[in-house]
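Accompanying notes for the structure given below.
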Amino acid sequence: MGEMPARESDPSHRSEAGAQVLDKINALLPELEQRAQQTEDLRRIPDETVSSLEDAGFFRLMQPEQWGGYQVDPVTFYEAVRRLSTACGSTGWVSGIIGIHNWHLALFDQQAQEDVWGNDTTVRISSSYAPMGMGEVVDGGYKVNGNWAFSSGCDIADWTFVGGPVIKRGKPVDFVSFLLPRSDYTIKDVWNVVGLKGTGSNTLEVKDAFVPTHRVLSMRAMAEYRSPGLERNTAPVYKMPWGTIHPSVISTPIIGMAYGAYHSHVEHQGKRVRAAYAGEKSKDDPFAKVRIAGAASDIDAAWRQVSGNLQAEYDLILAGEEIPMELRLAARRDQVRATGRAIESIDNLFENSGAGALNVDSPIQRFWRDAHAGRVHAANDPERAYVAFGNGEFGIPVGDTMV
């Protein structure tokens with residue numbers, strides 16, 4: 001089972017509530033690990049897991065205080081996601097995405113928050129932010145149509161965010177997130193995949209749904225810190241940039257999977273006897289020790305960079321300073337680099353675990369499949385992030401909205 005890294009990021013801003021949630025998550029890990037195969041078989045997160053996460057307070061980490069949340073520092077939230085992912089990749093992936101949506105809703109108009117949490121503060125939201133549909137301007141709001149794929153955790157959510165352009169007089173005038181209740185979309189069960197099987201990342205079909213103005217948030221307004229929700233939700237965490245918050249929730253589970261694969265590999269190798277090498281014990285193989293040392297260093301480096309950049313941005317917010325574009329670009333650069341480091345480490349460990357790692361009950365092969373499935377997410381596209389960073393270094397317009 002995955003364990004804590006050798007050195008944890010600076011917990012100086014961690015609240016008591018956040019620390020308690022992390023302790024409860026640690027106690028949950030054996031249960032989640034044992035349920036990993038069931039999660040794959042169901043192709044969604046089991047109800048028992050959702051209840052356990054709810055009881056642990058995980059979904060309240062990024063929720064505003066006015067709605068019973070803990071509005072914790074960002075490193076605490078991502079640390080929780082990382083730990084969950086060491087036990088079950090699908091659970092960590094869905095938890096992070098669903099959990100960060102409470103941060104996103106906090107930026108919406110107060111009435112939108114009332115719509116979702118007014119009667120039940122445990123209501124969850126899924127998403128599909130890619131422009132797979134659009135909203136046409138109509139009186140009082142927007143008429144939304146489209147088919148949004150890859151909505152992770154949609155089966156355990158009662159609302160969703162879908163992204164797309166606003167069309168006015170036949171032309172796009174803005175790019176926004178539309179907030180819709182479950183009654184306004186249909187879930188199409190199409191998630192039959194080789195990795196992240198348990199995420200239930202199905203397609204949402206929306207036909208002529210009316211979305212009132214207060215349930216729409218402009219990405220441009222978010223980037224310029226003009227989100228209406230900031231009037232009431234004034235905690236520092238809500239001033240973090242979307243271009244760090246969202247990509248980090250895509251890379252952190254993969255880093256967690258790498259930690260899980262690493263500890264599974266070490267445990268496996270400690271017991272393995274290599275018949276092809278005259279009964280040599282793998283733990284006596286010097287090359288095996290070199291491989292795990294390299295993997296351990298790269299995985300730790302991945303987490304240190306992601307968590308370090310989150311902490312650096314948050315510290316500037318606490319100090320009342322703006323986050324410079326240089327740091328935001330570095331955070332994106334390091335986020336995709338962290339994903340690459342984690343996957344390369346998992347590949348190395350998997351390739352050197354022997355034929356036993358191919359067994360369907362082996363956690364190593366599951367981490368390997370899940371990590372590669374997560375890699376294909378657009379937020380993990382390294383070239384675009386690297387080009388944006390390079391543009392920034394040369395004084396060229398960045399040309400990437402995900403910063």
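The first residue of the sequence shown is numbered 1, and numbering continues consecutively from there.
No side-chain heavy atom of L329 sits less than 4.5 Å from a side-chain heavy atom of N391. Between F77 and I100, some side-chain heavy-atom pair lies under the 4.5 Å cut-off. Between T186 and L204 there is no side-chain heavy-atom pair separated by less than 4.5 Å. For the pair R182 and W159, the minimum side-chain heavy-atom distance is 4.5 Å or more. Looking only at side-chain heavy atoms (C-beta outward), T199 and L196 come within less than 4.5 Å of each other. Looking only at side-chain heavy atoms (C-beta outward), Q110 and E231 stay at 4.5 Å or farther from each other.
Heavy-atom neighbours of N119 CG from other residues, nucleotides or ligands within 6.0 Å: at or below the threshold of 12. In E16, the CD atom is not crowded: 12 or fewer heavy atoms of neighbouring residues, nucleotides or ligands sit closer than 6.0 Å. More than 12 heavy atoms of other residues, nucleotides or ligands lie within 6.0 Å of CD in Q111, so this atom counts as buried by the packing criterion. The neighbour count for Q38 CD, taken as heavy atoms of other residues, nucleotides or ligands under 6.0 Å away, is above 12. With a 6.0 Å radius and a threshold of 12 heavy atoms from other residues, nucleotides or ligands, F389 has its CZ atom above the threshold. Under a cut-off of 6.0 angstrom, the local environment of CE in M222 is crowded, with over 12 non-hydrogen atoms contributed by other residues, nucleotides or ligands.
Salt bridge E40/R369: present, at least one basic N to carboxylate O contact under 4.0 Å. In summary, R82 and E79 engage in a salt bridge, as defined by a charged side-chain N under 4.0 Å from a carboxylate O. A salt bridge between K197 and D41 is absent, with no side-chain N of the basic residue lying under 4.0 Å from a carboxylate O of the acidic one. Between D115 and R215, at least one side-chain nitrogen of the basic residue sits less than 4.0 Å from a carboxylate oxygen of the acidic one, meeting the salt-bridge criterion.
Taking every heavy atom of both residues into account, A330 and N309 meet most closely at O-ND2, 3.8 Å.
The six-membered or imidazole ring of W242 lies near that of Y129, with a centre-to-centre distance under 6.0 Å. Note: F350 and F367 fail the aromatic proximity criterion, with ring centroids not under 6.0 Å apart.
Within the cation-pi definition used here (under 6.0 Å to the ring centroid, within 45° of the axis), R60 does not qualify as a partner of Y70.
In this structure, S90 contributes its side chain and G198 its backbone to a donor-acceptor pair below 3.5 Å. Distance alone, capped at 3.5 Å, places no donor-acceptor pair between the T76 side chain and the V72 backbone.
The ring pair (Phe, Tyr, Trp, His ring centres under 6.0 Å) test with F108 singles out one residue from W103, F161, W117, and that residue is F161.
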